Structures are given as structure tokens and as C-alpha cells.
Amino acid sequence: MENMLTNLPHFLLGLGLLLLILEVVMGFTTILLLTLGVSMMIASGLMYLGIIDESLLSAFVVIAVLDAVLTLIVWRPLKMLQQDRAPKEVKSDWIGTTFDVESDISPEQPGTARFSGVAWKVKSNANIAQGATVEVVRVEVGVLHVKPVQ
């Protein structure tokens with residue numbers, strides 16, 4: 001404990017690096033270790049430069065403030081990176097099934113239809129009139145891609 005207090009910047013630098021390594025090993029599953037490790041390393045640098053005191057109280061206050069600021073800055077971008085935004089194509093046994101559409105459909109204007117008890121968005125590359133019979137050619141989450149039945 002005495003060595004930590006006499007060489008606090010080195011201790012914070014080492015602990016910050018350890019937290020960053022742990023975050024990488026865990027696969028960036030939490031933001032806390034990332035922001036806390038970076039905050040400790042920045043606080044260590046500020047102590048080396050003489051901007052803040054080499055005391056535990058100063059270190060705790062600076063680390064808490066830096067951690068809060070870093071969390072506010074990186075929370076939304078990291079959460080957005082974790083979301084999968086690409087539409088997922090669903091392997092469905094509905095491909096080839098026919099039904100009647102409830103509204104007009106064009107390539108620019110998707111329509112709607114009730115199919116299998118669910119209200120679906122229906123897209124097509126051709127113009128299709130309301131009430132026409134269509135065949136399902138592809139299924140995405142919440143979207144049926146159809147073509148007119150000949």
C-alpha cells in the first residue's frame with residue numbers, strides 16, 4: 001500500500017492498462033472497463049505533468065469525472081456499433097405461397113397484406129393492383145417480396 005501511495009501515477013497507469021487488456025479479452029462486452037481504464041491512464045498522465053496532485057483524493061475525483069465524461073461520449077456510438085442494421089433474409093417455407101394483396105404495390109410504394117395472421121409490408125419490382133394474386137419470392141424480417149402470378 002505504501003508503494004502505491006508513493007508512486008501513484010505508475011500504479012494508475014498499470015491498473016488502467018490491466019483494465020483495458022481485460023476489456024479486450026472479454027471482447028468489449030462492457031463499456032465500464034474501457035472508460036475506467038482510459039480515465040486512469042489520463043489521470044496518471046495529468047499527475048506526471050503536474051496538473052493534479054499525486055493524492056488518492058485527487059485521483060478518485062479526476063477519475064470519476066473523466067469516467068463520467070467518457071461514458072457520455074462513447075456510450076451511444078458503441079451501442080450503435082453493436083446493433084445489426086442489415087435486413088436479415090429469412091429462410092422460409094412461405095416462398096412460393098400465393099395470396100391476394102390488400103393495397104396497390106409499386107417499386108416506389110410498398111403495400112400491405114395480411115398473411116398468416118400477420119400484417120406484412122409487401123414489396124415488388126412490378127406494379128401490382130389491389131386484389132391481385134401474388135407469389136412470395138423472398139422473405140425478410142417483416143417484409144415479403146412478391147411477384148404477380150401469371
Side-chain angles (χ1 to χ4, degrees), residues 1-95 97 99 101-128 130 134-147:
M1 184 76 172
E2 185 178 320
N3 189 24
M4 178 189 85
L5 295 177
T6 58
N7 207 349
L8 189 59
H10 286 109
F11 179 77
L12 290 176
L13 183 64
L15 189 58
L17 283 172
L18 180 70
L19 290 176
L20 290 176
I21 291 168
L22 185 60
E23 178 73 15
V24 170
V25 168
M26 290 176 54
F28 291 100
T29 56
T30 176
I31 293 174
L32 178 65
L33 295 178
L34 174 71
T35 59
L36 193 57
V38 171
S39 298
M40 285 183 173
M41 292 174 65
I42 291 172
S44 172
L46 293 174
M47 284 182 187
Y48 278 128
L49 295 174
I51 296 174
I52 60 172
D53 283 351
E54 288 189 25
S55 68
L56 279 177
L57 181 61
S58 296
F60 285 144
V61 170
V62 170
I63 290 169
V65 170
L66 287 172
D67 191 40
V69 170
L70 285 173
T71 300
L72 287 173
I73 291 171
V74 301
W75 182 267
R76 179 145 335 257
L78 287 178
K79 285 304 254 183
M80 289 174 57
L81 286 174
Q82 292 176 346
Q83 295 175 355
D84 185 13
R85 296 183 181 269
K88 295 180 180 174
E89 191 168 320
V90 179
K91 293 184 175 146
S92 174
D93 54 352
W94 293 343
I95 294 176
T97 305
F99 65 96
V101 293
E102 298 173 357
S103 62
D104 292 337
I105 301 171
S106 69
E108 302 84 31
Q109 181 67 34
T112 58
R114 285 217 164 279
F115 179 69
S116 186
V118 178
W120 292 83
K121 182 190 271 189
V122 181
K123 291 185 177 180
S124 176
N125 292 333
N127 292 328
I128 302 172
Q130 179 180 2
V134 294
E135 178 182 354
V136 178
V137 292
R138 195 173 90 199
V139 179
E140 290 178 358
V141 177
V143 180
L144 294 175
H145 292 268
V146 298
K147 69 176 183 178

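Every heavy atom of this structure was used, including side-chain atoms; hydrogens, water molecules and symmetry mates were not. Keep in mind that this is a model prediction, so the values were computed, not measured.
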Residues in side chain to side chain contact (heavy atoms under 4.5 Å, CB included) with V24, at least two apart? F28

When rounded to the nearest 0.5 Å, the distance separating CG of N125 from NZ of K147 is 11.0 Å

Within a strict 4.5 Å, meaning less than it, do heavy atoms of the N127 and P107 side chains meet? yes

If the condition is side chain to side chain contact (heavy atoms under 4.5 Å, CB included), which residues does I73 pass it with, not counting sequence neighbours? V69

Taking side chain as C-beta onward, heavy atoms only, is D67 less than 4.5 Å from L32? yes

Just how far is it from atom CD1 of I105 to atom NZ of K123, taken to the nearest 0.5 Å? 11.5 Å

One should read off an interatomic distance between L12 CG and S44 OG, to the nearest 0.5 angstrom, of 6.0 Å

Check against side-chain contact (heavy atoms from CB on, under 4.5 Å), F99 and V146: CA-CA 10 Å; F99 65 96; V146 298; 4.1 Å; yes

F60 atom CZ: more than 12 heavy-atom contacts under 6.0 Å: no

From CG (L34) to OG1 (T71), nearest 0.5 Å: 8.5 Å

Residue pair K121 / P110: nearest heavy atoms and the distance that separates them: CG-CB, 3.9 Å

Would you please name every residue forming a side chain to side chain contact (heavy atoms under 4.5 Å, CB included) with S58, sequence neighbours left out? D53, S55

L18 and L22: side-chain contact (heavy atoms from CB on, under 4.5 Å), yes or no, with the steps? CA-CA 6 Å; L18 180 70; L22 185 60; 5.7 Å; no

What pair of heavy atoms forms the shortest contact from V62 to A43, and how long is it? CG1-CB, 4.0 Å

Rounded to the nearest 0.5 Å, what's the gap from CG on L36 to CD1 on I31? Could you check? 13.0 Å

Would you confirm whether Q130, through its side chain, and E102, through its main-chain N or O, come within 3.5 Å as a donor-acceptor pair? yes

Contact summary for L20 and M41, nearest pair of heavy atoms: CD1-SD, 3.4 Å

Counting N and O atoms only, with roles assigned by atom type, does the side chain of S103 sit under 3.5 Å from a partner on the main chain of G111, one being a donor and the other an acceptor? no

Quick check for you: to the nearest 0.5 Å, what is the distance between L70 atom CG and T35 atom OG1? 6.5 Å

Would you sort out whether Y48 and H10 count as a side-chain contact (heavy atoms from CB on, under 4.5 Å), showing the intermediate values? CA-CA 9 Å; Y48 278 128; H10 286 109; 2.7 Å; yes

